[in-house]
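We use all heavy atoms of the structure for the numbers below, so side chains are in, but hydrogens, waters and symmetry mates are not. Counting from 1, the numbers follow the sequence of the chain as shown.
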Amino acid sequence: FLIAKTAGIERLTSQGVRLGAPYIGTNLGATCGAANANINNVAVTATGKILYTNAVASNNRWGVISPNGYSSASDCLAVQAAPDTNAFPVAIQYLSATSQVLVAYAGNSLNVNLNSIYVYDFNDTTNVISNPVKIYDANTYVATGYLLYGISAMVFNPEDSSLYVATAI
């Protein structure tokens, strides 16, 4: 099991025993992050690569780390910057059937892209992230009461293609 926490990503056995110290720390370096990484969500691809979100104002991004964890810059396989410097990536889901990644962003205003959800194509073999498409933006729904503002988590149900989103409003 992988557990995201501010200080990195922990790896636990099914009995709850910690593996690594931590499995992926906060000093990601390279393009994956910075010394002050704030990892708040994690997902895993079909090949075991680790998708994570990093919500630090100067370094808002999500990325891909080697299935073996992070021990050097070469373990940083790919990154995608947030659509706005003030958009904090807060939730991530890997859609294996379509090889896509859903990322939710949260921000502290109704500006474009701050409270939004994007879908990206991800090639699990080449690690190429491409074709970002915004599928939701709270800015579009200001007159109707925002609908989704302050997203904190999301879950995708592959059986019926439903997306469940936890939000402050």
Checklist entry - Do you know which of Ile50, Ile65, Ile92, Thr53 makes side-chain contact (heavy atoms from CB on, under 4.5 Å) with Val42? => result Ile50
Next on the checklist: I need the Ile129 CD1 to Asn123 CG distance, nearest 0.5 Å.
Outcome noted: 10.5 Å
Item to check | Result of checking Val103, Val79, Asn54 against Trp62 for side-chain contact (heavy atoms from CB on, under 4.5 Å) | outcome: Val103
Checklist entry - Side-chain heavy atoms under 4.5 angstrom apart, residues restricted to Ile, Leu, Val, Met, Phe, Trp, Tyr: same cluster for Phe88 and Val112? => result no
Checklist outcome for this item: Applying side chain to side chain donor-acceptor pair (under 3.5 Å) to Ser109 and not counting sequence neighbours gives Asn111
Checklist entry - Are any non-hydrogen side-chain atoms of Met154 and Gln93 less than 4.5 angstrom apart? => result yes
Checklist entry - For Thr45, which residues count as a side chain to side chain donor-acceptor pair (under 3.5 Å) partner, sequence neighbours excluded? => result Thr47, Asp124
Next on the checklist: For a 4.5 angstrom cut-off between non-hydrogen side-chain atoms, does Gln80 reach Tyr120?
Outcome noted: yes
Next on the checklist: Does Asp137 form a side-chain contact (heavy atoms from CB on, under 4.5 Å) with Asn115? I'd like the steps, not just the answer.
Outcome noted: CA-CA 6 Å; Asp137 192 331; Asn115 290 281; 5.6 Å; no
Checklist entry - In Å, rounded to the nearest 0.5 Å, how long is the span from CG of Asp75 to OG of Ser66? => result 4.5 Å
Item to check | Heavy-atom donor-acceptor pair, Asn40 side chain to Pro89 backbone, under 3.5 Å | outcome: yes
Checklist entry - If you round to the nearest 0.5 Å, how far is OH of Tyr52 from SG of Cys76? => result 5.0 Å
Checklist entry - Partners of Asp84 by side-chain contact (heavy atoms from CB on, under 4.5 Å), sequence neighbours excluded? => result Asn86, Ala87, Asn113, Leu114
Next on the checklist: Using 0.5 Å steps for rounding, measure from the CG atom of Leu148 to the OG1 atom of Thr140.
Outcome noted: 11.0 Å
Next on the checklist: If the condition is side-chain contact (heavy atoms from CB on, under 4.5 Å), which residues does Ser162 pass it with, not counting sequence neighbours?
Outcome noted: Asn157, Asp160, Tyr164
Next on the checklist: Under a 3.5 Å distance rule, please check whether Asp121 uses its side chain to pair with a backbone N or O of Asn131 as donor and acceptor.
Outcome noted: no
Next on the checklist: Could you check, using the six-membered ring where one of them is a Trp, whether Tyr118 and Tyr136 have ring centers closer than 6.0 angstrom?
Outcome noted: no
Checklist entry - Taking atom NZ of Lys134 and atom OH of Tyr105, what is their separation to the nearest 0.5 Å? => result 11.5 Å
Checklist entry - For the side chain of Asn60 and the backbone of Thr85, is there at least one donor-acceptor N/O pair under 3.5 Å apart? => result yes
Next on the checklist: Test of understanding: with side-chain contact (heavy atoms from CB on, under 4.5 Å), list the residues that count as partners of Ser99, not counting sequence neighbours.
Outcome noted: Tyr94
Next on the checklist: Are Leu102 and Ile135 packed together at the side-chain level, in the sense that at least one heavy-atom pair is separated by less than 4.5 angstrom?
Outcome noted: yes
Item to check | Val101 side chain reached by Leu51 side chain, heavy atoms, under 4.5 Å | outcome: yes
Item to check | Summary of salt bridge (charged side-chain N to carboxylate O under 4.0 Å, His left out) pairs that have at least one residue in residues 98-112, sequence neighbours excluded | outcome: none
Item to check | Euclidean distance, Phe122 CZ relative to Asn127 CG, rounded to 0.5 Å | outcome: 4.5 Å
